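Notes follow once the structure below has been shown.
In what follows, every heavy atom counts, from backbone to side chain, and hydrogens, waters and symmetry copies are set aside. Computed from a predicted structure; not experimentally measured.
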Amino acid sequence: QVQLVESGGGLVQAGGSLRLSCAASGSILSINNMDWYRQALGKQRELVATTTNSGRTNYLDSVKGRFTISRDNAKKTVALQMNSLKPEDTAVYYCNADGRRRDYGFFSEWGQGTQVTVSS
């Protein structure tokens, strides 16, 4: 089994910063994508940032220049540094990782979600 555990999140004022972290553990052979999603109240889930095994990254247009996704393959972690936060960034943030288990089966797992609230 593969498990993702998130840390970080909380309440910050507009213009502030937060750093989210997500650690994968369990019977992992390899990880392909490690991603961050968010879902605001009453809204559909959206992909915020993604990183591939080779280190390529992509971002939602509205967070470009403010958020940075980073990945440590040795530690099997992914982080999301969020700067210049805006009230519209308020959402539940979820990490996701996909890849192969040590028995070569495919996995795609989600973190438990963490609330980010940005006050104006």
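With rounding to the nearest 0.5 Å, the separation of CG in N32 from OG1 in T51 is 10.0 Å. In this structure, T117 OG1 and L11 CG are separated by 6.0 Å, a value rounded to the nearest 0.5 Å. If you take CG on L29 and CZ on R101, they are separated by 11.0 Å, rounding to the nearest 0.5 Å. Here the OG1-CG distance, from T77 to D72, works out to 4.5 Å after rounding to the nearest 0.5 Å.
Here the side chain of R71 pairs a donor or acceptor atom with the backbone of T52 at under 3.5 angstrom. Of the possible donor and acceptor atoms, none in the side chain of S120 sits under 3.5 Å from a partner among the backbone N and O of P87. At least one donor-acceptor pair closer than 3.5 Å links the side chain of N96 to the backbone N or O of E109.
A salt bridge does not link D89 to K86: none of the charged side-chain nitrogens sits closer than 4.0 Å to a carboxylate oxygen.
Counting all heavy atoms, side chain and backbone alike, R66 lies closest to S84 at NH1-O, 3.0 Å. Nearest heavy-atom pair, G8 versus T114, reported as atom, atom and distance to 0.1 Å: O-OG1, 2.9 Å.
In this structure, the side chains of Y94 and R38 stay at 4.5 Å or more apart for every pair of heavy atoms. Side-chain contact between S25 and K76: absent, with no pair of heavy atoms (C-beta onward) separated by less than 4.5 Å. The closest side-chain heavy-atom distance from E6 to Q112 is below 4.5 Å.
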Under the criterion side chain to side chain contact (heavy atoms under 4.5 Å, CB included), I'd like the reasoning laid out for V92 against Q115: C-alpha separation, chi angles, the key distance, then a yes or no. CA-CA 4 Å; V92 178; Q115 177 70 47; 3.3 Å; yes
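Taking Ile, Leu, Val, Met, Phe, Trp and Tyr as members and joining any whose side-chain heavy atoms lie under 4.5 Å apart, directly or through other members, the hydrophobic cluster of V116 also contains V2, L4, V12, L18, L20, I28, I31, M34, W36, V48, Y59, L60, V63, F67, I69, V78, L80, M82, L85, Y93, F107, V118.
Sparse packing is recorded around OH of Y104, with 12 or fewer heavy atoms of other residues, nucleotides or ligands lying under 6.0 Å away.
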